[in-house]
Amino acid sequence: MVNLSVCIEMFWLDETDPAAKVRNVKEAGIGAYEFWSWSNKDVDAVAEAQAETGLACAGHLLEPPFALTARETEQALVEGVSKSAAIAERLGSPGMIVTTGNILADEAWDITLRRVVRRLKVLSAVAADHGLKIYLEPLNPVVDHHGYWLTTMAQAADIVAEVDSPALTILYDIYHQQITEGNLISNLRTYLPLIGHIHTAGVPGRHELADNEIDYRAVFRAIDESDYAGYVGLEFRPSLTEAEALAQAVRIAEEAA
């Protein structure tokens, strides 16, 4: 069965305490959680809740996010990766999610590529020194992230090959890639050696994993049949109650196994 993780940013929106959300994940019967930014959280309280519940932290964002393409963020990224790595070590997380930022209207894609590759070489070296992975995430530019620079698995795979660091992997977000390019199971198998983390949500709407255009039983079965050992993050907005939505996801994973 796939190893599920709950993105606490998308669940229990009426609850403002991340530590309480970690405890909610435990009550839902799922063994791992993840989140986006760490700088807006009481990390000590989150770590205390994690220790209390015995959950694993599957990952969080490298901050500042959406900064790889920007011209003026070089020093902020260098400082940010060390701080983010310290948070990952504090929580026992295996890696950090990296988002690229948007296309620069006055710059050719290939010129931006050179900047992104240079920065990822630096970030990956720091991550490797800490025994961590970086999860480079393509996003869809159609619905959620208009103008986003990195959109396909092939683009991400080329960057990973050029950076050539064991620390740099791809975050395969099944929701985003269904919108951008489809071909989900074939791409999963093609790029599996490069995938370090997976996200899921239904299409359209970014809701539960059932009753949408993605057959998550088939996708989870393909993951189970592979040698992927990482987490599969539940990063969706529930239209049911949180308990119902998470129980449904667990049931789909169990049926696929």
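As the structure is a computational prediction, the values presented were derived from the model and not from experiment. Numbering of residues begins at 1 and proceeds along the displayed sequence.
Salt bridge Lys21/Glu242: absent, no basic N to carboxylate O contact under 4.0 Å. A salt bridge links Glu52 with Arg23: the distance from a Lys NZ or Arg NE/NH1/NH2 to an Asp or Glu carboxylate oxygen falls below 4.0 Å. Glu235 and Arg206 are joined by a salt bridge, as a carboxylate oxygen and a charged side-chain nitrogen come within less than 4.0 angstrom of each other. Using a 4.0 Å cut-off between charged nitrogen and carboxylate oxygen, Glu255 and Arg217 count as a salt-bridge pair.
Both Val142 and Ile214 are assigned to one and the same hydrophobic cluster, defined by single-linkage of ILVMFWY side chains at heavy-atom distances under 4.5 Å. Taken together through direct or relayed side-chain contacts under 4.5 Å among Ile, Leu, Val, Met, Phe, Trp and Tyr, Trp109 and Val160 form part of one hydrophobic cluster. Tyr148 and Ile111 are members of different hydrophobic clusters when ILVMFWY side chains are connected at heavy-atom separations under 4.5 Å. One hydrophobic cluster, built from ILVMFWY side chains closer than 4.5 Å, cannot hold both Leu240 and Tyr175; they sit in different ones. Hydrophobic cluster membership differs between Val122 and Leu61, with clusters built from Ile, Leu, Val, Met, Phe, Trp and Tyr side chains linked at under 4.5 angstrom.
Looking at Leu234 and Leu4, their side chains come closer than 4.5 Å, going by heavy atoms from C-beta outward. Taking the side chain as every heavy atom from C-beta outward, Tyr216 and Val2 never approach each other to under 4.5 Å. With contacts defined as side-chain heavy-atom distances shorter than 4.5 Å, the pair Leu136/Thr100 qualifies. Put simply, the side chain of Thr169 does not reach to within 4.5 Å of the side chain of Tyr191, judged on heavy atoms. You'll find the side chain of Tyr172 reaches within 4.5 Å of the side chain of Leu184, heavy atoms only. Under the 4.5 Å side-chain criterion, counting only non-hydrogen atoms from C-beta, Cys57 is not in contact with Tyr231. Looking only at side-chain heavy atoms (C-beta outward), Ile159 and Leu113 come within less than 4.5 Å of each other. Residues Tyr228 and Leu188 have side chains not in contact (no heavy-atom distance under 4.5 Å, counting atoms from C-beta outward).
Of the inter-residue distances, the one linking Ile30 atom CD1 with Asn24 atom CG reads 11.5 Å to the nearest 0.5 angstrom. Between Trp149 atom CH2 and Leu139 atom CG the span is 12.5 Å, to the nearest 0.5 Å. Rounding to the nearest 0.5 angstrom, the gap separating the CD atom in Glu107 from the CG atom in Asp110 is 10.0 Å. Atom CD1 of Ile185 sits about 11.5 Å away from atom OG1 of Thr190, to the nearest 0.5 Å. Glu208 contributes atom CD, which lies 9.0 Å from atom CD1 of Ile252 (distance to the nearest 0.5 angstrom). To the nearest 0.5 Å, the span separating CG on Leu246 from CG on Leu209 amounts to 9.5 Å.
Gln178 places no side-chain N or O within donor-acceptor distance of the main-chain N or O of Val203, the cut-off being under 3.5 Å. A donor-acceptor pair under 3.5 Å links the side-chain atoms of Asn140 to the main chain of Asp144, judged by distance alone. The backbone N or O of Gly233 sits less than 3.5 Å from a side-chain atom of Thr200, completing a donor-acceptor pair. For the pair Lys41 (side chain) and Ser37 (backbone), a donor-acceptor distance under 3.5 Å is present. Remark: the backbone N or O of Ala45 is paired with a side-chain donor or acceptor of Asp42 at under 3.5 angstrom. Judged by distance alone, with hydrogens and angles left aside, the side-chain atoms of His146 form a donor-acceptor pair with the main-chain N or O of Pro141 at under 3.5 Å. The closest donor-acceptor contact from the side chain of Thr151 to the backbone of Pro138 lies at 3.5 Å or more, if one exists at all. Side-chain atoms of Thr99 come within 3.5 Å of backbone N or O of Phe66 as a donor-acceptor pair. For the pair Lys133 (side chain) and Pro166 (backbone), a donor-acceptor distance under 3.5 Å is present. Panel note: side chain Ser226, backbone Ile223; a donor-acceptor pair is recorded below 3.5 Å.
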Exercise. For the pair Glu34 and His60, evaluate side chain to side chain contact (heavy atoms under 4.5 Å, CB included) and give the outcome as yes or no after the intermediate values.
Key: CA-CA 6 Å; Glu34 58 189 84; His60 58 75; over 6 Å; no
Exercise. Report the C-alpha distance between Met153 and Thr180 in whole Å, list the side-chain angles of each, state the deciding distance to 0.1 Å, and finish with yes or no for side chain to side chain contact (heavy atoms under 4.5 Å, CB included).
Key: CA-CA 10 Å; Met153 290 296 287; Thr180 301; over 6 Å; no
Self-check item: Evaluation steps, side chain to side chain donor-acceptor pair (under 3.5 Å), between His176 and Glu137
Solution: CA-CA 10 Å; His176 286 297; Glu137 185 170 19; 4.5 Å; no
Practice problem: Using the side chain to side chain contact (heavy atoms under 4.5 Å, CB included) rule, take Arg115 and Leu104 through it: C-alpha gap first, then chi angles, then the decisive distance, then the call. | Solution: CA-CA 12 Å; Arg115 182 183 305 110; Leu104 301 181; 3.7 Å; yes
Exercise. Apply the test side chain to side chain contact (heavy atoms under 4.5 Å, CB included) to residues Trp38 and Leu91: give CA-CA distance (whole Å), side-chain angles for both, the deciding distance (0.1 Å), then the verdict.
Key: CA-CA 11 Å; Trp38 51 263; Leu91 299 176; over 6 Å; no
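When every heavy atom of Val126 is checked against every heavy atom of Ser82, the shortest pair comes out as CG1-OG, 4.1 Å. Here the closest non-hydrogen pair linking Ala249 and Phe220 is O-CE1, 4.4 Å. What you find for Met10 and Pro238 is that their closest heavy atoms are O-CD, 3.4 Å. Closest heavy-atom contact between Glu63 and Ser39: OE1-OG, 2.6 Å. The heavy-atom pair separating Arg119 from Ala67 by the smallest distance is NH1-O, 3.0 Å. Between Pro64 and Leu77, the shortest heavy-atom distance links the atoms O-CD2, 4.0 Å.
For Glu89, the CD atom sits in a packed shell: over 12 heavy atoms of surrounding residues, nucleotides or ligands are nearer than 6.0 Å. With a 6.0 Å radius and a threshold of 12 heavy atoms from other residues, nucleotides or ligands, Asp106 has its CG atom above the threshold. The environment of Asp211 atom CG is sparse: at most 12 non-hydrogen atoms of other residues, nucleotides or ligands sit within 6.0 angstrom.
Aromatic rings of Phe236 and His207 (six-membered ring for Trp) have centroids beyond the 6.0 Å cut-off, not under it.
Note on ring orientation: taking the six-membered ring where Trp is involved, the planes of Tyr33 and Phe35 are parallel (angle under 30°, cut-offs 30° and 60°).
Side-chain polar atoms of Glu181 and Thr152 form no donor-acceptor pair below 3.5 angstrom.
The residue from Val81, Leu68, Ile87 that alone fulfils the side chain to side chain contact (heavy atoms under 4.5 Å, CB included) condition with Leu62 is Val81.
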